[in-house]
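Within every chain, numbering begins at 1; the chains are lettered A, B, ... in the order of the sequence lines, protein sequences first and strands thereafter.
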Number of protein chains: 2
Amino acid sequence: MKDKATVTIRDVAQHAGVSTATVSRVLSNSGPVSAEVRERVEHTIRALGYRPNRMARSFRAQRSKFIGLIISDVENPFYTSLVRAVEDVAYAHDYSLLLCNSDEDLEKERTYIQFMADERVAGVIGSPASEQETSFAALFDAGIPVVSVDRRSALTPVDTVLLDNVAAARDLTRHLIHHGHRRIGAILPNLSITSGRERLAGFLQAMEEAGLAPDPALIHEGKGIEAFGAHAARALLHLPERPTAIFTGNNLITLGALKAIQECGLRIPDDVAVAGHDEMPWMSLLAPGITVAAQPIHEMGRTAMRMLLARINGDSQPMCEVKLAPRLIIRNSVASPTPI
Amino acid sequence: MKDKATVTIRDVAQHAGVSTATVSRVLSNSGPVSAEVRERVEHTIRALGYRPNRMARSFRAQRSKFIGLIISDVENPFYTSLVRAVEDVAYAHDYSLLLCNSDEDLEKERTYIQFMADERVAGVIGSPASEQETSFAALFDAGIPVVSVDRRSALTPVDTVLLDNVAAARDLTRHLIHHGHRRIGAILPNLSITSGRERLAGFLQAMEEAGLAPDPALIHEGKGIEAFGAHAARALLHLPERPTAIFTGNNLITLGALKAIQECGLRIPDDVAVAGHDEMPWMSLLAPGITVAAQPIHEMGRTAMRMLLARINGDSQPMCEVKLAPRLIIRNSVASPTPI
DNA sequence: TCAAAGAGTGTAATCGTTCTCAGCGGCTTG
DNA sequence: CAAGCCGCTGAGAACGATTACACTCTTTGA
């Protein structure tokens, strides 16, 4: 029996000599169906090779089985891993992933948020481009649950999964101070996002603890991309009195800073110590290895997706914020500063 | 005017005092509408904050505005970049991305392919898990165009975008031979996929050119992941007469091999030379840098997506295969072998 | 002057599901 | 034995958009 045209539930009903309602009941296992009829319908389904039209289902339910994932850029390894973790949990529950790269662009982000609302997705996991300016209101109004990950969103109350950024930055900075560093440069992602703001706070906290006055000339803040990390690191290294250590505030900044240091012909840790955010798969290849705070990214992604699933399934607990602990990986990028 | 419930085309029609057909005509700019009515309808749309329900549209058209992307794993940087390139072109044409990780698992892949058919996606870009066993038939039957990328698919005729693997592997091997290497190990991804098979062919071709008989004991083939690369490299390095150079057949294998070499305490290029596939963003950080064949990944992704769009828009040219040239990046991981 | 063409608009069917409602037997129960 | 209930089933109404077709006016050309 070749399915020249697509086989619909009507065809199945007709061939099995029952109504579409009954076929639907068999399909979704809802409502009573006699064993005999169920058998016949199931046989017909197999014989005709019938597969339910998912679009029709979503349309009828006025809710699709898609999870929108709005991140700044899949090519950022942090988000890559996040995507993977989310996808694993999503597919296990018969949801699939709609991927959007906002590029930290508020306008683009707004478009995608509206798009998700127009698509009536089941839920959205997002990493807002700005803590104060990103608005999930369109989703909120449409009753679409949202989980914010890696960053907070202030405008709408949403569940949130974060790294304990303050602790991570503080511990890394303490590590530097502990090795005797006093003049420590810091390169941070944008302070308008949670990670930037909190990592700065952690850095300052450690400095203060140690009775060190942070030097504003040693603190750089900007777009959290490789180019900025390299640029800021170069600026620090060309200072008349250059810092003996650099704290880097995210993975791409770390990458950029490392390239700049190499470019300047400086050696780690002898000429400059480095400790910063985010483990990456190739870091153990470097000699010396770089001391970093690793995030439990997969755990963050899975947690976010699970929280979202709970909301989708009607959970109406008050909004909650989960904060996960970083893991410090001590390698050899920090030594005591050489006395001048 | 608060949209308590969702605003539909019917609401707009009613408020503007026209029929839904007219509103639809205004929306899609199809068919004649008088300037006066168009103006009124547009005003009503804005006033009510009406946004077309995309699900309803897809349902009615029996074709969604989604592009299915089936790759083995987003966490593989090659696919990460591919995803990004595809997404950029897709969104520019009002399509969005449905992401699936097959993990090289034929069963999982089959599920996803069927899923895409059930969703009536507009098109699929896939990197088949096996050249001979992956079947896009379900999509073909449903009239959904497919572009195969990075690897060929033999069972169904589909457009294909490939790297010139033979040339890349051959040039890398030539580079090793040119530096005087005779005993060259090769670590290749699975030969059941195009890249594995062709890269082996390129390797053998260069060997033959140079009058060298490849030693089967030096050729490893397996799942193209980091663990395999490391494992195979270790095996090569522990050989009584170990190769003076290693050719690595993809990005993860290269990563694994580098880790194994480091682990064995061997130095590149003095103890063992390395040249292999795929540039990665951190490669320039290594000392010495690794000589690789870089793929124009973004170009591959963009090309694949453009070919797919052409098919979606009804292009019925015969199937075509695009082969893009690699770019050799010569660094310092290859020197002449130290005489024994 | 009248037929044909065409602009502008509305009616209603349609896409494939799900789900409410109602009906029909057969069973239990008071 | 009537009333009520339950198991099983079907008819048909949604869901929100597009579009084929029909209809009414105008305009045009012979």
Pairwise side-chain contact, A:Arg57 with A:Leu27, heavy-atom cut-off 4.5 Å (strictly under) = yes

Do A:Val121 and A:Ile144 have side-chain heavy atoms sitting under 4.5 Å apart?
-> yes

Check every nucleotide of DNA chain C for an atom under 4.0 Å from a heavy-atom of chain A, then give the first and the last such nucleotide from 5' to 3'.
-> C:dG16 to C:dC19

The single option from B:Asp11, B:Val41, B:Thr6, B:Ile45 that satisfies side-chain contact (heavy atoms from CB on, under 4.5 Å) with B:Tyr50 is B:Ile45

In terms of the angle between their ring planes, are A:Tyr91 and B:Phe115 parallel, tilted or perpendicular, with boundaries placed at 30° and 60°?
-> perpendicular

Within a strict 4.5 Å, meaning less than it, do heavy atoms of the A:Val322 and A:Met307 side chains meet?
-> yes

Per-nucleotide protein contact along nucleotides 16-28 of chain D, 5' to 3', at a 4.0 Å heavy-atom cut-off (B base, S sugar-phosphate only, - neither), is BBBB---------

Please walk me through it: do A:Arg46 and A:Glu42 pass salt bridge (Lys or Arg N to Asp or Glu O under 4.0 Å)?
-> CA-CA 6 Å; A:Arg46 277 192 303 275; A:Glu42 275 167 351; 5.1 Å; no

Quick check: does any side chain N or O of B:Glu87 sit under 3.5 Å from a backbone N or O of A:Asn101, one acting as donor and the other as acceptor?
-> yes

